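Some notes on the structure that comes next.
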Amino acid sequence: MLSVRADTPYLPWRDPCEATRLLRYALHRQGFTHTYQSNGNGMSVLSVLTDLTVWCKNGLFVWSENGRETVHPADDPVGAARLISRHHRGPAAGDGPSGERTGPQAHASPPTDSVRD
């Protein structure tokens, strides 16, 4: 979460452009590197995937998951990125069945008949 003094006149999440920019950076750290942002008329939109567009308006991020509207506070772009990543990314290589990383695997070399000098 951003640390902002209470008397700061400009709060990033009150500006949809800035809130969406912070979401874009958080998603980039989650591996969503090909995003497109557009701003105007008091709202901002972020195209993340072909089937995922996130709108920022009225202090909220809004997107669709399984045909249902999902909302998340615009003052928590990292949390929104985490939710989006959890829903829109399958397990990565090396992930276990529960989606958790199993860690690096050690693979033994097969035995050979060759002798090393």
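None of the values given here were measured: they were computed from a predicted structure.
Shown here are the side chain to side chain donor-acceptor pair (under 3.5 Å) partners of Trp55, two or more places apart in sequence or in another chain: there are none. Judged as a side chain to side chain donor-acceptor pair (under 3.5 Å), and not counting sequence neighbours, Asn58 has no contacts.
Considering all non-hydrogen atoms of both residues, Ala26 and Ala81 come closest at CB-CB, 3.6 Å. Residues Ala80 and Phe61 share a closest heavy-atom pair of CB-CD1, 3.8 Å.
To the nearest 0.5 Å, atoms CZ (Arg86) and CD1 (Ile84) are separated by 11.5 Å. Taken from CG in Asp76 to CG in Leu60, the straight-line distance is 12.0 Å, to the nearest 0.5 Å. Rounding to the nearest 0.5 Å places CG of Leu46 at 8.0 Å from OG1 of Thr53. His88 contributes atom NE2, which lies 10.0 Å from atom CG of Leu27 (distance to the nearest 0.5 angstrom). With rounding to the nearest 0.5 angstrom, the OG1 atom of Thr35 is 8.5 Å from the NE2 atom of His28. Atom SG in Cys56 sits 13.0 Å away from atom CZ in Arg24 (nearest 0.5 Å).
Around CG of Asn41, the count of heavy atoms belonging to other residues, nucleotides or ligands within 6.0 Å does not exceed 12.
Distance alone, capped at 3.5 Å, is enough to place a donor-acceptor pair between the Thr20 side chain and the Pro16 backbone.
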As a quick check of understanding, evaluate side-chain contact (heavy atoms from CB on, under 4.5 Å) for Leu49 and His34, giving each step before the final call.
CA-CA 8 Å; Leu49 299 168; His34 294 80; over 6 Å; no

Phe32 vs Leu23, side-chain contact (heavy atoms from CB on, under 4.5 Å): CA-CA, chis, key distance, verdict
CA-CA 11 Å; Phe32 295 91; Leu23 174 62; over 6 Å; no

Could you go through Val78 and Arg29, starting from their C-alpha distance and side-chain angles, then the distance that decides it, and tell me whether this counts as side-chain contact (heavy atoms from CB on, under 4.5 Å)?
CA-CA 10 Å; Val78 173; Arg29 288 190 296 275; 4.3 Å; yes

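Between Glu18 and Arg21 a salt bridge is recorded (basic side-chain N to carboxylate O distance below 4.0 Å).
A 4.5 Å side-chain heavy-atom check between Cys17 and Gln37 finds at least one atom pair inside the cut-off. Taking 4.5 Å as the limit, every side-chain heavy atom of Val54 sits out of range of all side-chain heavy atoms of Val62. In this structure, His72 and Trp63 have side chains that are in contact, with non-hydrogen atoms separated by less than 4.5 Å.
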